[in-house]
Amino acid sequence: MLEEQFISKEYNNLPEKGSFTWSSPSNIALVKYWGKKENQIPANPSISFTLNNCKTTTTVSFTKKERKDNFSFEVYLDNEKKDDFKPKIETFFKRILPHLSFLKDYHFKIETSNTFPHSSGIASSASGMSALAACLMSIEKELNSEITDEYFIKKVSFLARLGSGSACRSLEGDIVVWGKHDEIEESSDLFGVNYPFKVHQNFKNYNDTILLVDKGEKQVSSTVGHNLMHNHPFAEQRFAQAHKNLSTLINVFKTGDLKSFIEIVESEALTLHAMMMTSMPYFILMKPNTLEIINKIWAYRKETNSKVCFTLDAGANVHVLYPENETESVLEFINNELVAYCQNGHYICDRIGFGAKLITHLI
Ligand code: PMV
């Protein structure tokens with residue numbers, strides 16, 4: 001399916017004003033997206049669990065304006081004006097203008113809040129950009145009655161990708177694939193799609209407890225990180241490995257083989273960080289406590305035969321993944337042995353979820 005399908009019409013039935021509110025969750029990648037081509041096209045396919053509790057709620061209120069020569073918007077986080085968010089949103093608006101032709105016709109008030117603490121070190125770009133894209137796309141749906149639900153969600157994902165790559169995996173759930181993969185016919189580099197094959201009961205209500213090891217700002221933005229995959233000495237092998245790991249996961253999801261699941265997920269996390277450590281310039285985002293936690297998880301698994309495992313984002317925090325039937329025992333393990341390595345003892349309990357939701361609609 002080609003990009004042209006998302007070019008928007010010119011509309012002449014624009015409403016004077018209105019507002020939409022959407023909530024959209026974060027997601028955690030199992031096979032990681034790290035490295036991109038022009039226009040936010042991923043260098044390899046990725047797959048993620050959609051989360052349930054870590055989400056952003058965004059209201060976009062729009063009023064028609066006279067002059068149409070530039071973008072006009074204001075941004076608030078928890079009712080506080082956030083001018084430092086504006087450059088990222090301005091870039092996003094520029095990228096999506098061909099796809100939403102009315103963006104210069106309105107003044108937008110964007111009000112957003114997260115369920116997780118802003119300074120938790122959890123990236124809010126996936127939930128934030130997907131919620132914003134959904135609000136803006138709702139305006140187009142209002143203008144064009146031919147837009148189907150299926151097209152709507154695809155285009156929101158397409159738009160969200162242009163804001164932040166991984167955001168395109170937050171619209172649906174519970175498992176989403178983004179990036180062309182040979183064995184997943186409906187997969188695309190342009191948007192995320194719901195994982196289309198059978199998923200074993202073992203993965204139902206899978207838990208993700210996020211251990212907040214370091215709540216500071218990221219030292220290296222993901223944009224810089226992705227770009228360091230250009231001319232990276234191991235890039236080609238890494239991209240090939242992601243394709244292979246995704247193939248293996250298809251069988252793992254079918255059979256419920258948690259041992260292989262752990263191998264792929266942990267290897268992917270460490271490979272992501274290995275790519276950072278072997279780029280030029282090189283960097284390390286893990287902290288000593290990240291490694292302490294990983295070692296504790298390995299020791300606990302050896303002792304108990306638990307199927308708990310970890311994954312990492314582009315930061316020091318640890319996502320602890322475990323099946324529903326181990327909820328009680330792993331939480332006890334976390335409280336007894338891992339909380340000591342979290343900043344101020346903070347962690348967030350989350351699990352697999354089902355994507356973005358329209359909350360209110362006022363025209
Ligand atoms: O969406 P971005 O550009 O912030 O990239 C996110 C990349 C990782 O979180 C490290 C991996 C992933 O697939 O989510």
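Atoms within each ligand, like the ligands themselves, are counted from 1 in listed order. Just so it is clear, the values below take in all heavy atoms, side chains as well, and ignore hydrogens, waters and symmetry mates.
Residues P281 and V220 are not in side-chain contact: their nearest non-hydrogen atoms beyond the backbone lie 4.5 Å or more apart.
The nearest protein atom to atom 6 (C) of ligand 1, hydrogens excluded, is given as S166 OG, 3.9 Å; this is a heavy-atom distance. Here the protein heavy atom with the shortest distance to atom 8 (C) of ligand 1 is Y33 O, 3.9 Å. When only non-hydrogen protein atoms are considered, atom 9 (O) of ligand 1 lies nearest to D313 OD1, 3.2 Å.
Shown in contact with G165 at under 4.0 Å from a heavy atom are these atoms of ligand 1, numbered in order with element: 1 (O). Residue-ligand proximity, A29 to ligand 1, at heavy-atom distances under 4.0 Å covers atoms 12 (C), 13 (O), 14 (O).
Between S164 and ligand 1, at least one pair of N/O atoms sits closer than 3.5 Å.
Under a cutoff of 6.0 Å and an axis angle of 45°, K86 and F73 form a cation-pi pair. In this structure, R95 fails the cation-pi test against F92, since its NZ or CZ atom is not both closer than 6.0 Å to the six-membered ring centre and inside 45 degrees of the ring normal. Remark: K155 fails to qualify as a cation-pi partner of F191 under the 6.0 Å distance and 45° angle criteria applied to the six-membered ring.
Ring geometry for F203 versus F49: interplanar angle of 30 to 60°, hence tilted.
For Y206 and F261, the ring centers are positioned less than 6.0 Å apart.
Taking only non-hydrogen atoms, the option from H226, Q40, M275 nearest to atom 3 (O) of ligand 1 is H226.
Residue S222 touches ligand 1 through its side chain alone, judged by heavy-atom distances below 4.0 Å.
A donor and an acceptor atom, one from each side chain of T50 and N27, are nowhere located under 3.5 Å apart.
By the 4.0 Å heavy-atom criterion, R169 is counted among the residues contacting ligand 1.
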